[in-house]
Each structure stands twice: as structure tokens, then as C-alpha cells.
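One structure is given here, and the rest of the page talks about it.
Just follow the structure's listing: the first ligand is 1, and inside any ligand the first atom is 1. None of these values were measured; they are calculated from a predicted model.
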Amino acid sequence: MSTFSNCSLQSIQQAALALCKGNLVAFPTETVYGLGADATNEKAIARVYEVKARPLGHPLIVHISDISLLDKWASDISESAIKLARAYWPGPMTLVLPRTNLAKDFITGSQDNVALRIPSHPVALELLKEFEKQGGLGVAAPSANRFGKLSPTTAAAVEMGLGKFLSNADQILDGGASKVGVESTIIDCTNALPVILRPGAVTVEMIEEVLDVELDRASAPSKEIKASGMLTSHYSPNAKVYLSGAPSPGDGYIALSDLPTPAGAVRLASPKDNEEYAQILYESLRSADSKGLKNIFVVPPHNQGVGVAINDRLRKSSYNQD
Ligand code: TXA
Ligand code: MG
């Protein structure tokens with residue numbers, strides 16, 4: 001029998017069964033943990049909104065195990081979307097595509113498109129495969145956190161944030177700490193030229209390389225709130241996050257490892273590069289809350305590679321703070 005991180009095949013099969021019965025399963029992906037539900041079950045999806053306290057109308061990402069299932073959910077799939085899917089799935093990328101009738105309004109927020117992703121985490125893939133074996137078509141999964149809070153990158157963080165809102169029949173699969181650490185890159189592929197709606201570990205350079213085009217880097221995503229992560233204030237710990245200025249003694253401090261800790265500050269993380277920065281970002285912001293710190297001073301990373309996604313999330317977690 002294969003070992004799937006901390007999860008046995010049997011626990012994954014039980015989780016797939018729970019999904020089929022309309023229960024919720026929080027599961028690991030390489031980006032962050034997701035709160036999964038059968039994407040065709042309106043009641044199960046309603047519970048996802050309830051458990052997250054997420055405003056209705058924010059669309060959900062549907063997770064599938066294989067590219068062969070893509071045309072169940074999406075139609076008129078562009079050449080660029082196919083190239084991206086072949087290059088970066090399974091992986092930390094979500095494609096927004098024109099929907100089929102299977103993608104109901106309660107998944108898409110009544111938009112004519114649907115967001116799809118094939119994650120690469122072995123537990124996520126196995127869960128999706130087992131679910132599909134039992135007749136399932138896709139698992140809708142937002143990040144497994146209360147609305148506006150930090151996404152969880154461990155099962156313990158899911159339990160802390162959502163445990164009291166889940167019922168006995170729901171499950172949490174523990175697959176270890178997420179390797180990427182920030183949510184997937186969301187790419188709108190419904191127009192001739194793809195548009196990045198949310199930056200992630202699949203970077204603009206990686207997209208350009210596969211498509212052999214130059215994306216319009218200057219254009220901000222549409223003002224319309226298609227993605228709740230696009231709201232200006234999001235991804236927030238309880239402590240206040242500052243991206244400039246100097247910490248006072250007792251304040252939290254996060255910076256790349258080559259920067260020394262200012263006198264009296266509490267070092268929360270010292271990542272060696274942008275990849276490690278992304279991986280530990282949410283856990284280190286969260287650790288400030290468990291340590292009871294009021295302020296966190298963060299030195300943002302270089303705006304390159306996954307640094308673009310880190311800076312995007314940092315801007316949102318520091319927004320509107322005095
Ligand atoms: O890495 C990830 O993407 C994680 C893991 C669990 O897969 N999921 C995740 O889901 O971050 P969520 O719901 O927390 O964030 C997904 C974002 C939301 O802001 C949602 O509004 C947006 O994707 N979204 C979903 N469907 C969309 C669509 N059809 N068009 C535009 N944005 C969409
Ligand atoms: Mg989220």
C-alpha cells in the first residue's frame with residue numbers, strides 16, 4: 001500500500017466517501033489547505049459558505065484529478081489554456097474558462113465561467129481520484145479559513161480556524177505543511193490574451209514562456225470583484241502588519257535571513273529565498289497571534305518570481321491599518 005504523507009489510503013477513501021455523502025473534507029494541497037465539497041451538491045456548497053462565513057456570490061475553484069475531466073466543466077477551451085494546462089498541471093495554477101451546464105451558478109457566482117485546478121499534492125490527487133471513482137465529478141475547495149483570515153498551510157491551522165464550525169461527519173486530512181505556501185495563480189483564459197487575476201507560484205515569466213507572448217504587466221485586474229482575494233483587505237492576522245518603519249522592542253519581525261533582527265524585536269521568520277518566504281509566510285504571521293504580539297514589521301521580498309505573490313498578499317494583510 002502506498003503511503004500518502006501522514007494519510008493512509010484508507011483514510012483518503014473514507015474522506016472521498018464523506019464528500020459523496022455531502023459532507024466537507026479539508027485537505028492538503030501544495031499551495032494551501034482547501035475546504036472541499038462535492039461541486040455538484042448545492043447543499044454541501046451552502047455549508048462551505050456557512051463554515052467559512054464567506055459572502056454568497058464569491059465563486060469557488062473546482063478541483064479535478066486529470067485533464068481528461070476538463071471538458072465536463074469547461075467549453076470553448078482556448079489553445080493558450082491547453083498549453084498552460086499541459087505545462088503546469090498538476091500544480092499551483094487555476095484556469096478560468098467558459099463554463100458548461102455542470103458548473104452551476106452556486107459554484108460560479110452566476111458568472112459564465114468556471115475556475116478549475118488540478119493540484120499536485122499526492123493526498124489531494126488521491127482524494128480526487130477516489131472521489132471520481134465513486135462517481136464524483138469535481139471538488140469545490142476554497143482555502144480552509146474563515147473569510148478574510150490567513151489561509152492555512154497545516155492541518156493544525158485548519159482545525160484552529162474551522163474546527164468549531166465543522167460537524168462530526170466532516171473530516172480533515174493531514175498531509176503535512178503545504179510546500180508552496182501561497183494560493184494558486186489564477187489566470188483568466190476567457191479572452192484572447194490570458195490575464196493574471198491572482199499572482200502565485202506559476203509566475204508571469206512562466207506563463208509567457210509557455211505561450212510565447214508578452215502579457216500586459218501594467219494592467220491591473222478588472223475592478224469587478226471576481227476573486228475575494230482581490231478585495232483590498234484580506235489575508236489578515238489579528239496583529240497589525242507594517243511593510244515599512246522599524247519595530248519597537250516586543251514587535252514581531254519577518255525578513256530574509258541576510259537581514260539582522262533589530263534590537264528587541266521578536267524574529268518570526270528568516271527565509272533564505274523567495275520560495276521559502278512563500279512557504280513560511282502565513283505560519284509566521286499566524287505565530288505572531290499565538291505569541292500575543294500586537295505588531296509585525298515585515299521586510300517585503302524582491303518583486304521577482306513568487307515574490308510578486310508574496311508582495312500581493314502582504315499588501316492585502318497590511319491594508320487599512322493605522
Ligand atoms: O491555491 C488555491 O487556489 C486554493 C487551494 C485550496 O486550491 N484555493 C483557493 O480558493 O485559494 P479561494 O476560494 O480561497 O480563492 C479562490 C479565488 C477566490 O477569490 C474566488 O473568488 C476566485 O478564486 N474565483 C473562483 N472562481 C472564479 C471565477 N470563475 N472567476 C474569477 N475568479 C474566481
Ligand atoms: Mg481564500
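Salt bridge E132/K129: absent, no basic N to carboxylate O contact under 4.0 Å. Remark: K240 does not engage D251 in a salt bridge, criterion side-chain N to carboxylate O under 4.0 Å. Taking 4.0 Å as the cut-off between side-chain N and carboxylate O, K83 and D212 do not count as a salt-bridged pair.
Contacts between L197 and ligand 1 below 4.0 angstrom, taking non-hydrogen atoms only, involve the side chain exclusively.
By the 30° and 60° cut-offs, the orientation of the rings of H63 relative to F27 is perpendicular.
The shortest separation from a heavy atom of A141 to ligand 1 is under 4.0 Å, placing the residue in contact. Contact between T108 and ligand 1 is absent, with no heavy atom of the residue lying under 4.0 Å from the ligand. Between R99 and ligand 1 there is no heavy-atom distance shorter than 4.0 Å.
Look at S143 and the Mg ion (ligand 2): an N/O/S atom of the residue is under 2.8 Å from the metal.
In terms of polar-atom proximity, R117 is counted as a contact of ligand 1, with an N or O under 3.5 Å from an N or O of the ligand. Considering backbone and side-chain atoms together, R198 places an N or O closer than 3.5 Å to an N or O of ligand 1. Between N113 and ligand 1, at least one N/O pair is under 3.5 Å apart. Residue Y33 has no N or O atom closer than 3.5 Å to an N or O atom of ligand 1. Residue R54 has at least one nitrogen or oxygen atom sitting less than 3.5 Å from a nitrogen or oxygen atom of ligand 1, judged on distance alone.
Of all heavy-atom pairs between A140 and L60, the closest is CB-CD1, 4.0 Å. Nearest heavy-atom pair, R267 versus P260, reported as atom, atom and distance to 0.1 Å: NH1-C, 3.5 Å. The two residues P98 and V114 make their nearest non-hydrogen contact at O-CG1, 4.4 Å. Scanning all heavy atoms of the two residues, the minimum distance from G138 to I64 falls at CA-CG2, 4.3 Å.
Checking P59, G181, A140 against atom 33 (C) of ligand 1, the nearest heavy atom belongs to P59.
Here D76 pairs with nothing under the salt bridge (Lys or Arg N to Asp or Glu O under 4.0 Å) rule; sequence neighbours left out.
Proximity to S143 (heavy-atom distance under 4.0 Å) selects the following atoms of ligand 1: 8 (N), 9 (C), 10 (O), 12 (P), 14 (O). Of all atoms in ligand 1, listed by their number and element, those nearer than 4.0 Å to a heavy atom of S184 are 1 (O), 2 (C), 3 (O). Listed by number with element, the atoms of ligand 1 under 4.0 angstrom from any heavy atom of A115 are 25 (C), 26 (N), 27 (C), 29 (N). Short contacts between ligand 1 and G34, defined as distances under 4.0 Å to a heavy atom of the residue, involve ligand atoms 6 (C).
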Let me check something: any side-chain donor-acceptor pairs from residues 150-160 under 3.5 Å, sequence neighbours excluded? List them with distances.
{"from": "S151", "atom 1": "OG", "to": "E183", "atom 2": "OE2", "distance (Å)": "2.5"}
{"from": "T154", "atom 1": "OG1", "to": "A157", "atom 2": "N", "distance (Å)": "3.1"}

